[in-house]
Amino acid sequence: MNRQMWQIVIFVMVVGFGWVNVSRAQGPQQVTRDDVNVVARELYCPTCSGIPVSTCGIPVCEQMREVIAEKLAAGESKEQIKGYFVEQFGQKVLAQPDQRGVNLVLAWLLPGAVLGASLLAGFLWLRHRAPAQLTVPAVSTTTDYDERLERELQRLES
Amino acid sequence: MTTTSIPASSERQRPVWTIPAIVVVVLVLGLLAYGLRLRGLGQVNQAPAPDFTLQTFDGQMITLAALKGKPVVLNFWASWCKPCEDEAPMLEAASQKYPGVVFLGAAYVDTEGASRAYLERFKITYPNGPDLGSRMADAYRVRGVPETFFIGADGVVQAVKVGPLLSSNELDDLLSKIIE
């Protein structure tokens with residue numbers, strides 16, 4: 001690449017970087033309901049069980065959606081917003097438990113260990129189970145039919 | 001008809017899979033027992049009050065341990081809780097009437113802006129702060145709001161009011177349990 005090409009590349013990069021920064025500095029962003037729901041879907045109602053904030057209709061969820069909208073407008077990321085709610089309300093607001101500390105053990109490693117141990121137990125059971133004592137009928141050398149036939153033949157001959 | 005038994009193997013081995021199976025069963029039962037134990041625990045009453053640190057909305061740090069020797073009223077509330085609104089003026093009035101009692105408010109699962117607006121609306125002057133991470137509510141095994149704990153000067157919970165305080169007389173009766 002010649003020198004002129006390098007100059008063009010650097011110019012494009014500088015202009016592009018400047019444009020990104022200007023667009024970031026243009027104050028509050030327009031936040032749609034869909035934007036809010038992207039974050040709200042990953043948070044659960046802290047006072048009811050099993051309802052995502054995106055679909056929950058109680059006042060605390062409404063407040064949470066308002067806060068999400070404010071924080072998105074202020075340029076905060078999804079992870080930052082989730083972190084804020086965990087700090088405020090605790091881990092129970094997360095749809096998926098955090099992968100750190102006790103949660104890493106209780107919510108991720110332990111179920112994995114239980115699943116792994118179950119699979120291992122099942123595999124070993126199938127592989128090592130002792131075949132049951134096989135009970136098969138003894139092979140008869142003479143059957144009732146043969147005996148009867150023999151008797152009938154003897155009767156005819158006599 | 002006669003039958004003949006055919007031995008399948010020379011000697012029956014101890015099943016190898018029993019060890020992981022036992023581990024799985026013990027883990028699952030242990031978790032179930034732990035969950036049931038937590039559920040079975042009742043409210044904190046007639047027992048030492050769990051210590052806590054409350055960072056108030058104006059930045060003050062209050063610990064229960066530092067308040068030993070003084071009776072404390074700890075109220076859990078939320079701005080979205082309608083029954084809390086009924087008792088808020090009563091609690092504020094009582095905090096003025098009983099200056100020897102420390103009144104504290106912990107905002108449970110509430111957003112900061114809404115909490116501040118609530119405190120302003122009801123002109124609450126005693127210290128209030130967010131129950132960050134619901135740690136206080138978990139320690140006191142709060143089931144909902146409002147819930148109010150009356151802690152004696154010795155640090156023991158003497159009474160608990162689950163639900164809203166219905167009258168100032170009721171509040172006076174409960175306060176009499178912690179005021180000597």
Side-chain angles (χ1 to χ4, degrees), chain A residues 44-48 53 56 58-71 83-93 105-107 109-141 143-144, chain B residues 1-32 34-35 55 76 78-82 84-85 107-118 129-139 142-145:
Chain A
Y44 270 58
C45 168
T47 58
C48 30
V53 172
C56 165
I58 68 167
V60 66
C61 295
E62 286 166 18
Q63 285 182 6
M64 286 175 76
R65 287 195 294 268
E66 282 170 20
V67 171
I68 292 168
E70 285 167 16
K71 289 189 174 293
Y84 167 78
F85 281 113
V86 169
E87 191 190 322
Q88 292 292 312
F89 303 157
Q91 291 279 339
K92 62 189 169 192
V93 291
V105 176
L106 283 179
L109 296 182
L110 192 61
V114 168
L115 182 66
S118 305
L119 290 172
L120 182 67
F123 173 73
L124 292 173
W125 177 71
L126 286 173
R127 195 166 168 208
H128 291 276
R129 72 176 167 173
Q133 291 248 319
L134 297 174
T135 304
V136 294
V139 179
S140 300
T141 50
T143 63
D144 292 346
Chain B
M1 190 185 291
T2 57
T3 59
T4 306
S5 292
I6 304 166
S9 60
S10 57
E11 194 181 333
R12 191 181 176 86
Q13 289 179 335
R14 185 186 174 194
V16 188
W17 55 268
T18 50
I19 295 166
I22 289 168
V23 170
V24 169
V25 170
V26 168
L27 280 175
V28 171
L29 288 179
L31 278 175
L32 277 174
Y34 179 69
Q55 185 172 7
F76 288 90
S79 66
W80 42 263
C81 155
K82 288 289 164 194
C84 299
E85 295 180 1
Y108 171 74
V109 186
D110 209 2
T111 54
E112 191 177 334
S115 294
R116 285 181 185 275
Y118 176 94
D131 176 14
L132 291 177
S134 302
R135 283 189 280 273
M136 288 171 65
D138 289 344
V142 169
R143 297 280 170 94
V145 280

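Order of the sequence lines fixes the chain letters, A, B, ..., with proteins taken first and strands second; residue numbering starts at 1 for each chain. Treat the numbers as computed from the prediction; the structure is a model and nothing was measured.
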Checklist outcome for this item: Under 4.5 Å to a heavy atom of chain B? For A:V60 that would be both
Checklist entry - At a heavy-atom separation under 4.5 Å, does B:L31 approach chain A through its side chain, its backbone, both, or neither? => result side chain
Next on the checklist: Could you tell me if A:K92 sits above the aromatic ring of A:Y44, with its cationic atom closer than 6.0 Å to the ring centre and no more than 45 degrees from the axis?
Outcome noted: no
Next on the checklist: Counting only non-hydrogen atoms closer than 4.5 Å, does B:V28 touch chain A with its backbone (N, CA, C, O), its side chain (CB onward), both, or neither?
Outcome noted: side chain
Checklist outcome for this item: Counting heavy-atom pairs under 4.5 angstrom with chain B, the leader among A:L126, A:L124, A:V93, A:L120 is A:L124
Checklist entry - What distance separates B:Y108 OH from B:S115 OG, expressed to the nearest 0.5 Å? => result 13.0 Å
Checklist entry - A:L115, A:V86, A:T47: which one forms the most heavy-atom pairs within less than 4.5 Å of chain B? => result A:T47
Item to check | SG(A:C56) to SG(A:C61) below 2.5 Å | outcome: yes
Checklist entry - What is the distance from atom OG1 of B:T111 to atom CD of A:Q88, rounded to the nearest 0.5 Å? => result 8.5 Å
Checklist entry - chain A heavy atoms under 4.5 Å from B:D131: which part of the residue, side chain, backbone, both or neither? => result backbone
Next on the checklist: Using the side chain to side chain contact (heavy atoms under 4.5 Å, CB included) criterion, which residues pair with B:E85? Sequence neighbours excluded.
Outcome noted: B:K82, B:Y118, B:R121, B:F122
Checklist entry - Is a donor on one side and an acceptor on the other found under 3.5 Å between the side chain of B:W80 and the backbone of B:V109? => result yes
Checklist entry - Tell me, side chain or backbone of B:L132 under 4.5 Å from chain A's heavy atoms, or both, or neither? => result both
